[in-house]
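For reference, the structure is listed below as structure tokens.
Here the structure is a predicted model, which is why all the values come from computation and not from measurement.
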Amino acid sequence: TVDLQRTCRLPFGTFTASDAAAINAFDVLVHTWDIACTVGVTFQPCPRLTDLAYRVALRLVTAEAVADGLYAPPAVGYLLAARRLPGTMS
């Protein structure tokens with residue numbers, strides 16, 4: 001079995017294994033969207049993934065984190081828009 005409450009240390013904080021996995025999913029989603037936009041490919045992720053990423057973004061993408069350069073505002077804004085329109089990222 002997997003202990004989802006296990007402590008995971010990331011470069012920017014300590015999280016449960018469950019939260020660390022969600023953070024990784026958020027990271028993959030944002031970078032996949034960015035690459036898809038760059039090469040002109042439509043990207044339509046599963047709405048469950050955009051919902052998960054949105055919840056992670058609400059916790060991690062603070063004004064301080066953006067000011068520190070951890071997140072770029074354009075990608076975050078697009079992700080938040082995608083939450084309102086799941087599965088329509090292009």
Side-chain angles (χ1 to χ4, degrees):
T1 62
V2 176
D3 179 6
L4 294 177
Q5 296 308 309
R6 179 180 172 186
T7 300
C8 293
R9 288 176 182 78
L10 301 177
F12 50 90
T14 301
F15 304 89
T16 64
S18 178
D19 288 343
I23 291 166
N24 285 327
F26 165 71
D27 191 55
V28 168
L29 177 70
V30 170
H31 289 295
T32 302
W33 163 78
D34 189 36
I35 292 167
C37 288
T38 299
V39 299
V41 175
T42 298
F43 175 54
Q44 294 185 303
C46 167
R48 287 178 58 194
L49 182 56
T50 58
D51 288 346
L52 173 67
Y54 176 73
R55 289 192 306 271
V56 170
L58 290 177
R59 293 178 54 204
L60 293 181
V61 186
T62 62
E64 181 181 333
V66 171
D68 288 345
L70 294 175
Y71 300 100
V76 172
Y78 192 84
L79 178 62
L80 298 180
R83 170 59 174 86
R84 292 188 294 274
L85 302 168
T88 59
M89 298 175 88
S90 61

Rounded to the nearest 0.5 Å, how far apart are CH2 of W33 and OG1 of T50? 14.0 Å
Correct closest heavy-atom pair for A65 and L60 would be CB-O, 3.5 Å
Kindly give the heavy-atom pair with the smallest separation between F26 and A57, and that separation in Å. CE1-CB, 3.8 Å
Cluster link L4 to L10, ILVMFWY, side chain under 4.5 Å: no
CD1 (I23) and CG (L52) are apart, to the nearest 0.5 Å, by 10.0 Å
All heavy atoms of C8 vs all of A17, minimum pair found to be SG-CA, 3.6 Å
For residues L49 and A25, report the shortest heavy-atom separation together with the two atoms involved. CD1-CB, 4.0 Å
From D27 CG over to T32 OG1, what is the distance, rounded to the nearest 0.5 angstrom? 9.0 Å
Nearest heavy-atom contact between A53 and L29 is CB-CD2, 3.3 Å
